[in-house]
Amino acid sequence: YGLYQAKNAIRRDDVCYLVEGYTDVISLHLAGVDNVVSSSGTALTEEQIKLIRRFTENVTVLFDGDAAGIKAALRGIDLVLKGGLNVRVVLFPDGEDPDSFSRKKGSTEFKQFLAENQKDFISFKIDLFSADASKDPIKKADAIREIVSSIAFIPDPIKRSVYIRETSDLLKIQETVLLTELNKILIQDRRKREQDRVREAPPELLDPFIESEKIANVDLVDIVQIQEKETIRLLLNYSESQLEDKQLMDFLIQELEEIEFTNPVYKGIYDSFREGAAEGKVRDTFYFMDQGDDSTKRTVAELTTVKYETSPHWSEKYHIYFSHEKEILQDMAVTNVLRLKFRLIQKLMLDNLENLKMAKSETEQEEFFTIHERLKNAEKELAGILGIVISK
C-alpha cells in the first residue's frame with residue numbers, strides 16, 4: 001500500500017520505510033515522511049519485497065513496541081534479508097506505533113527519532129536477546145542461533161561474512177564457531193530445497209538422461225557414466241554461468257574434487273577443465289574441437305548440440321511456459337553432483353561385496369564389512385536428499 005505515491009521519494013532517499021498498516025502510511029506522509037509503504041495489513045510477502053527492490057536495496061522496518069510488534073519485526077526482517085535487501089530496524093516505545101508516535105511528536109521530532117534510533121538487524125537482535133541471555137548460557141546459545149539463522153537468509157556470501165564477523169565482535173565469540181553454525185544451517189536448507197525440488201519437479205527435469213523405468217536393467221557402470229556425461233554437458237554449455245555464490249565450473253570442480261571419472265573421454269575433458277581452472281583459464285567448445293582427438297570432438301559436438309527446442313507458440317499463443325535450463329541451473333548442478341556421488345557409492349558397494357567374497361581371513365572380512373557399513377550410511381544420506389527409496 002502506498003508504493004505508487006512513495007516510489008519517487010524512495011528512489012530519491014534510497015531507502016524505504018516499511019510499516020504494518022495503511023493508517024501508518026497516511027500518518028507518516030502527514031509527518032513529511034513520503035518514502036513509506038505498508039503490506040496492507042497482511043503478512044509481508046516475497047512479491048512485495050521484489051516490488052520494493054525495484055526502487056531501493058535499503059529497507060528500514062518500523063514496528064510497534066509491544067510483544068506482537070517485536071515478533072512481527074523478526075518475521076519481517078528474515079523475509080527482507082532473504083530478498084537480498086539491506087535491513088535496518090526502528091522499534092517504537094512500548095504502547096506506541098508509527099501512527100500514534102508521529103502524531104504525538106510532530107514532523108521534526110519524529111524524523112529525528114527515526115534518524116537516531118535506527119539499528120542494523122544484528123544490533124537489534126542482540127539487544128532483544130541480551131537482557132535474558134546475559135547470565136544464562138543456554139539462552140545465550142539460543143540467541144546466537146537466532147542471529148545466525150537470520151544471517152543465513154542473506155543470499156550474498158560477502159554480506160554474510162561481514163555480519164558473521166560483526167556478530168563475533170559484539171558477542172565475543174569465535175568467528176569459526178559462528179561459521180560452523182552458519183554452514184550447518186545452509187546445508188540443511190539446501191537439503192530441504194533439494195528434497196522439495198525432487199518431489200515437485202517433473203521427472204524429465206530431474207535427470208535428462210536416465211529413464212527411471214529402465215534403471216533396473218542398466219549396469220551400474222553405465223549409470224555412473226551417464227552422470228559423468230551430464231557433468232561434462234553442464235561444463236561445456238554453462239561453465240562460466242553464475243550459481244548462488246560461484247561459477248558453475250568452480251562449483252563442480254570443488255564438489256567433485258576427490259572423484260575420478262571412469263569413462264576415459266569424459267575423464268580427459270573433465271581433467272582439462274580442472275587444469276584450466278588451476279591456471280585461471282576457461283576451456284570452451286572451440287578449445288576441445290581444436291585440441292581434442294576424434295573421440296573428444298565427437299563427444300563435445302554431441303553435448304553442445306540442442307536436440308529439442310520449445311516452439312514459441314506454446315508461450316505466445318497458448319500461454320504455456322517451460323523452464324529454460326539456465327533458470328534451473330543451480331538445481332541441475334546440485335542434483336547432478338548428488339546423483340553422481342550416489343551412483344559411485346553404489347558401484348563402490350558392489351566392488352566391496354566382491355572383495356568380501358574373495359576375503360581369505362576373518363580380519364579381511366571384518367575390514368570389508370566396516371567399509372560396507374560406511375558406504376551404506378553414505379548411500380542412505382544421499383538417497384534421503386534425493387528422495388530415492390532404497391532397500392535397507
Side-chain angles (χ1 to χ4, degrees), residues 1-22 24-25 28-29 33-64 69-92 97-98 111 113-129 145-167 170 178 182 185-186 189-190 193 242-246 327 330:
Y1 176 81
L3 183 61
Y4 180 79
Q5 291 80 6
K7 60 185 181 181
N8 291 332
I10 292 172
R11 281 199 190 103
R12 181 193 67 220
D13 297 337
D14 195 22
V15 64
C16 175
Y17 289 115
L18 181 62
V19 295
E20 284 188 282
Y22 65 89
D24 296 324
V25 173
L28 263 64
H29 270 270
V33 179
D34 298 328
N35 51 326
V36 56
V37 299
S38 84
S39 53
S40 298
T42 63
L44 190 64
T45 67
E46 291 183 13
E47 289 304 315
Q48 289 172 340
I49 291 168
K50 288 177 183 177
L51 283 173
I52 293 172
R53 194 170 187 178
R54 292 181 184 178
F55 307 105
T56 183
E57 292 195 348
N58 302 302
V59 171
T60 299
V61 188
L62 310 183
F63 278 107
D64 308 351
I70 292 172
K71 287 180 181 178
L74 293 177
R75 289 193 300 271
I77 286 171
D78 288 343
L79 202 58
V80 177
L81 288 171
K82 188 178 179 181
L85 301 178
N86 306 314
V87 186
R88 300 185 75 81
V89 180
V90 173
L91 199 62
F92 290 98
D97 58 30
K111 288 181 179 179
F113 178 85
L114 293 181
E116 293 176 353
N117 289 273
Q118 292 187 33
K119 294 181 179 179
D120 66 79
F121 82 96
I122 288 288
S123 300
F124 171 74
K125 274 204 158 186
I126 288 174
D127 289 348
L128 192 61
F129 291 109
R145 289 191 185 94
E146 275 284 338
I147 294 163
V148 175
S149 68
S150 285
I151 296 174
F153 279 108
I154 301 172
D156 186 338
I158 296 175
K159 288 182 182 178
R160 286 201 303 258
S161 178
V162 170
Y163 278 121
I164 284 290
R165 187 168 300 166
E166 184 178 347
T167 305
L170 291 172
L178 298 176
L182 175 65
I185 294 170
L186 292 174
D189 181 59
R190 175 178 284 184
R193 282 189 286 113
Q242 189 70 24
L243 302 185
E244 284 182 353
D245 55 359
K246 62 186 68 173
E327 297 172 7
Q330 173 78 28

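Bear in mind the structure is a predicted one, so any value in this text is a computation, not a measurement. As a basis for the values below, the full set of heavy atoms in this structure was taken, side chains included, without hydrogen atoms, waters or symmetry mates.
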Exercise for review: Decide yes or no for Phe55 and Leu3: does some side-chain heavy atom of the first lie under 4.5 Å from some side-chain heavy atom of the second?
Suggested key: yes

Point to revise | Taking every non-hydrogen atom, the tightest pair across Ile49 and Leu85 | key: CG2-CD1, 3.7 Å

Review point. Should Gln5 and Asp34 count as side-chain neighbours, where that means a heavy-atom distance under 4.5 Å?
Key: no

Point to revise | Rounded distance [0.5 Å steps], CD in Gln118 versus OG in Ser123 | key: 12.0 Å

**Study point:** Approximate separation, where rounding is to 0.5 Å, of Tyr1 OH and Asp24 CG
**Key:** 11.0 Å

Point to revise | All salt bridge (Lys or Arg N to Asp or Glu O under 4.0 Å) counterparts of Glu146, not counting sequence neighbours | key: Lys125

Review point. Could you walk me through whether Phe124 and Ile77 pass the side chain to side chain contact (heavy atoms under 4.5 Å, CB included) check?
Key: CA-CA 10 Å; Phe124 171 74; Ile77 286 171; 3.6 Å; yes

Exercise for review: Answer yes or no: is there a side-chain heavy-atom contact under 4.5 Å between Cys16 and Asn35?
Suggested key: no

**Study point:** Test item: Leu28 and Leu62 side chains (from C-beta on) under 4.5 Å apart, heavy atoms
**Key:** yes

Review point. Below 4.5 Å, heavy atoms only, C-beta onward: do Thr60 and Leu114 meet side chain to side chain?
Key: no

Which pairs of donor and acceptor atoms, one on a side chain in residues 6-15, lie under 3.5 Å apart (sequence neighbours left out)?
| residue | atom | partner | partner atom | Å |
| --- | --- | --- | --- | --- |
| Asn8 | OD1 | Arg11 | NH1 | 3.4 |
| Asp14 | OD1 | Thr56 | OG1 | 2.9 |
| Asp14 | OD2 | Asn58 | ND2 | 3.3 |

Point to revise | For Glu46, all residues meeting side chain to side chain donor-acceptor pair (under 3.5 Å), sequence neighbours excluded | key: Lys82

**Study point:** Pairs involving residues 146-166, ordered by first then second residue, that meet ring-ring contact (aromatic ring centres under 6.0 Å, His included) (sequence neighbours left out)
**Key:** Phe121-Tyr163

Check your understanding: Considering residues at least two apart in sequence or located in another chain, which fulfil the salt bridge (Lys or Arg N to Asp or Glu O under 4.0 Å) criterion with Glu47?
Key -> Lys50

Review point. Can you name the residues that form a side chain to side chain donor-acceptor pair (under 3.5 Å) with Ser149, not counting sequence neighbours?
Key: none

Check your understanding: Does the side chain of Leu182 come within less than 4.5 Å of Ile164's, by heavy atoms?
Key -> yes

Review point. Quick one: are Val37 and Leu18 in side-chain contact, heavy atoms under 4.5 Å?
Key: yes

Check your understanding: Given the rule in the side chain to side chain contact (heavy atoms under 4.5 Å, CB included) test, do Asp120 and Asn86 qualify, once you have shown the distances and angles that lead to the verdict?
Key -> CA-CA 9 Å; Asp120 66 79; Asn86 306 314; over 6 Å; no

Review point. Please, which pairs that meet salt bridge (Lys or Arg N to Asp or Glu O under 4.0 Å) have at least one residue in residues 156-165, sequence neighbours excluded?
Key: Arg165-Glu175

Study note, to complete from the structure: Between Pro98 and Phe92 the two heavy atoms that sit nearest each other are CG-CE1, 3.4 Å

